[in-house]
Amino acid sequence: MVNVAIVGLGYWGPNLLRNVASLEDVRIVALCDLDLQRADASRRRFCPDARLIDDYRMLGDQSDVKAVVIAMQIQTHYELGSFFLGAGRHVLMEKPLARTALECQSLIALAARNRRVLMVGHVFEYNVAAQRIKRYIEDGELGTLFYLYSQRVNLGRIQHDVNPMWSFAPHDISIMNYWFGQEPLWVSARGFSYLGSKIEDVVFLTLEYPSGIGAHLHLGWLDPRKVRLMTLVGSKKMVVYDDVSLHAKIQLYDKGITDLDDFLKAPETFAEFQFRLRQGDVVIPTLQFSEPLQNECSHFIDCIKNCKQPATDGLSGLRVVRVLEAAEQSLKLNGKQIELPGRLSITA
């Protein structure tokens with residue numbers, strides 16, 4: 001059995017608790033939250049024998065805690081991660097890993113020194129739909145990838161400590177790094193604040209990857225619909241990934257240009273233009289869907305038990321934060337293009 005403590009039972013913590021508690025080889029021994037009533041509500045539902053704690057530092061002296069799952073505000077990630085890794089605990093940290101690349105590097109080094117698992121909650125890398133699209137890319141199903149655009153918006157949940165870029169973009173950036181096997185070359189960001197605070201309510205990010213793939217992200221909590229949509233355009237086929245859809249998360253479009261080289265020569269007639277565009281079938285593949293968050297939590301426990309490196313390890317978290325940090329700089333400079341220094345390699 002792996003004894004686990006959950007730190008943070010607010011918005012996302014109960015979802016992590018539910019999935020960790022469902023694993024056969026795990027025992028939840030402690031719940032930590034400043035609001036003990038809230039923590040008690042979760043305890044009664046998922047782990048009635050767990051003890052309640054309102055100060056995370058108390059967990060450092062409790063020898064039965066082997067691993068800690070942290071779902072707290074971004075500003076606390078570095079402090080909490082440093083404390084628990086320094087105390088010899090394995091750590092699963094909700095995204096993003098920290099607020100700066102230097103903080104991420106410090107956490108990675110601390111985990112290595114203490115030989116502890118450090119994992120980041122990039123949950124979409126454990127999503128079978130995202131995994132299927134990665135296979136399409138690697139198998140050449142889409143041909144040459146041209147560009148990607150994404151919408152991750154809804155009305156609320158409005159946050160007052162971070163903008164939607166820090167809240168939503170870690171998902172998109174981790175997915176794109178996972179799909180393309182690269183870090184972006186540069187990022188540009190523009191944001192707008194409408195709700196009376198200095199924090200942006202909507203952010204637009206543009207990125208370019210070394211292979212020439214362009215990406216544009218629309219992020220915000222001031223929109224009429226909840227949208228979680230990513231579209232990839234390739235030379236052979238195109239894919240729409242709709243994470244909100246229950247039955248058509250992936251739509252594979254057999255659309256493209258019949259002969260790209262010929263198409264680049266200006267067509268003489270409209271009929272010739274139409275002829276060179278290919279309109280094929282739309283395929284909705286069958287997916288054996290499992291909850292990505294449970295896959296993530298199960299992977300964390302497996303890495304602890306078998307001394308494995310997580311798929312979304314500290315370096316994965318660092319790569320995402322490097323982009324966010326550059327994007328934050330671009331925001332302050334009204335969208336100036338910021339290059340990422342000394343790109344890190346990404347291995348499959």
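Throughout, residue positions are numbered sequentially from 1 according to the sequence presented.
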Engineer: Under the side chain to side chain donor-acceptor pair (under 3.5 Å) rule, collect the residues that match up with R45, sequence neighbours excluded.
Structural biologist: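 Not a single residue meets the side chain to side chain donor-acceptor pair (under 3.5 Å) criterion with R45.
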
Engineer: If you look only at pairs with a residue in residues 184-193, which of them pass as a salt bridge (charged side-chain N to carboxylate O under 4.0 Å, His left out), with sequence neighbours excluded?
Structural biologist: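 Not a single pair qualifies under salt bridge (charged side-chain N to carboxylate O under 4.0 Å, His left out).
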
Engineer: Do any side-chain atoms of residues 216-226 form donor-acceptor pairs under 3.5 angstrom with protein atoms, and if so which ones, sequence neighbours left out?
Structural biologist:
| unit_1 | atom_1 | unit_2 | atom_2 | d |
| --- | --- | --- | --- | --- |
| H216 | ND1 | L205 | O | 3.3 |
| H216 | ND1 | T206 | OG1 | 3.1 |
| W221 | NE1 | D201 | OD1 | 3.3 |

Engineer: Kindly compute the distance separating CD1 (I175) from CE (M230), expressed to the nearest 0.5 Å.
Structural biologist: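 Output value for this atom pair is 4.5 Å.
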
Engineer: Would you be so kind as to tabulate the donor-acceptor pairs closer than 3.5 Å made by side chains of residues 111-119, with sequence neighbours excluded?
Structural biologist:
| unit_1 | atom_1 | unit_2 | atom_2 | d |
| --- | --- | --- | --- | --- |
| N114 | ND2 | L85 | O | 2.8 |
| R116 | NE | G88 | O | 2.6 |
| R116 | NH1 | N114 | O | 3.1 |

Engineer: Other residues, nucleotides and ligands only: do more than 12 of their heavy atoms fall within 6.0 Å of CZ on F46?
Structural biologist: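 Above 12, so yes.
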
Engineer: Not counting sequence neighbours, list each pair that qualifies as a side-chain hydrogen bond (donor to acceptor under 3.5 Å, both in side chains) and has a residue in residues 83-105.
Structural biologist: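 Only W12-E94 qualify under side-chain hydrogen bond (donor to acceptor under 3.5 Å, both in side chains).
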
Engineer: Surrounding OH of Y147 (heavy atoms of other residues, nucleotides or ligands, distance under 6.0 Å), is the total greater than 12?
Structural biologist: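 At most 12 heavy atoms, drawn from other residues, nucleotides or ligands, come within 6.0 Å of this atom.
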
Engineer: Starting from V321, can I reach L107 by hopping between I/L/V/M/F/W/Y residues whose side chains sit under 4.5 Å apart?
Structural biologist: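 No, no single cluster joins them.
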
Engineer: Who are the side chain to side chain donor-acceptor pair (under 3.5 Å) partners of S106, not counting sequence neighbours?
Structural biologist: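 Counting only residues at least two positions away or on another chain, S106 forms a side chain to side chain donor-acceptor pair (under 3.5 Å) with Y78.
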
Engineer: Is the backbone N or O of R135 less than 3.5 Å from a side-chain atom of W179, with the two atoms forming a donor-acceptor pair by type?
Structural biologist: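 No: the side chain of W179 does not pair with the backbone of R135.
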
Engineer: Taking atom types as modelled and ignoring hydrogens, do the side chains of R228 and Q151 form a donor-acceptor contact shorter than 3.5 angstrom?
Structural biologist: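 No pair is found: no donor N or O on one side chain lies under 3.5 Å from an acceptor on the other.
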
Engineer: Treating S174 as the side-chain partner and P170 as the backbone partner, does any N or O pair qualify as donor plus acceptor under 3.5 Å?
Structural biologist: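 Checking the backbone N and O of P170 against the side chain of S174, a donor-acceptor pair under 3.5 Å is found.
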
Engineer: Is any side-chain N of the basic residue among D281 and K237 closer than 4.0 Å to the acidic one's carboxylate O?
Structural biologist: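 Looking at D281 and K237, the cut-off is not met.
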
Engineer: Check residues 207-214 and write down every donor-acceptor pair under 3.5 Å in which the side-chain atom is one partner and the other belongs to a residue at least two apart or another chain.
Structural biologist:
| unit_1 | atom_1 | unit_2 | atom_2 | d |
| --- | --- | --- | --- | --- |
| E208 | OE1 | W186 | NE1 | 2.9 |
| Y209 | OH | N177 | OD1 | 3.0 |
| S211 | OG | Q182 | OE1 | 3.1 |

Engineer: Would you find more than 12 non-hydrogen atoms of other residues, nucleotides or ligands less than 6.0 Å from F289 atom CZ?
Structural biologist: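 Count over threshold, so yes.
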
Engineer: Could you work out, with side chain to side chain donor-acceptor pair (under 3.5 Å) as the rule, every residue matching K255, not counting sequence neighbours?
Structural biologist: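 In terms of side chain to side chain donor-acceptor pair (under 3.5 Å), with neighbours along the sequence ignored, K255 is linked to Q279.
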
Engineer: For residues 19-31, dump all side-chain donor-acceptor pairs below 3.5 Å to protein atoms at least two apart in sequence or in another chain.
Structural biologist:
| unit_1 | atom_1 | unit_2 | atom_2 | d |
| --- | --- | --- | --- | --- |
| N19 | OD1 | Q294 | N | 3.4 |
| N19 | ND2 | N15 | O | 2.9 |
| N19 | ND2 | E291 | OE2 | 3.3 |
| S22 | OG | N19 | O | 2.7 |
| S22 | OG | Q294 | NE2 | 2.5 |
| D25 | OD2 | K305 | NZ | 2.9 |
| R27 | NH1 | N3 | OD1 | 2.9 |

Engineer: Once side chain to side chain donor-acceptor pair (under 3.5 Å) is applied, do any residues pair with R57, and if so which ones, sequence neighbours excluded?
Structural biologist: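 Partners of R57 by the side chain to side chain donor-acceptor pair (under 3.5 Å) criterion, ordered by chain and then number, come out as D55.
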
Engineer: Output the distance between atom CG (L36) and atom CZ (R43), rounded to the nearest 0.5 Å.
Structural biologist: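 Nearest 0.5 Å value for the CG-CZ distance: 9.0 Å.
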
Engineer: Please answer whether the main-chain N or O of T144 pairs with a side-chain N or O of S235 as donor and acceptor at a distance below 3.5 Å.
Structural biologist: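 Checking the backbone N and O of T144 against the side chain of S235, a donor-acceptor pair under 3.5 Å is found.
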
Engineer: Take S298 and Y126 through the test side chain to side chain donor-acceptor pair (under 3.5 Å) and record every step on the way to the result.
Structural biologist: CA-CA 10 Å; S298 179; Y126 303 93; over 6 Å; no

Engineer: Does anything in residues 159-179 form a salt bridge (charged side-chain N to carboxylate O under 4.0 Å, His left out)? List the pairs, not counting sequence neighbours.
Structural biologist: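 Of all non-adjacent pairs touching residues 159-179, those that pass salt bridge (charged side-chain N to carboxylate O under 4.0 Å, His left out) are R152-D172.
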
Engineer: Only counting residues at least two apart or in another chain, list the ones meeting ring-ring contact (aromatic ring centres under 6.0 Å, His included) with F300.
Structural biologist: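 F300 satisfies ring-ring contact (aromatic ring centres under 6.0 Å, His included) with no other residue.
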
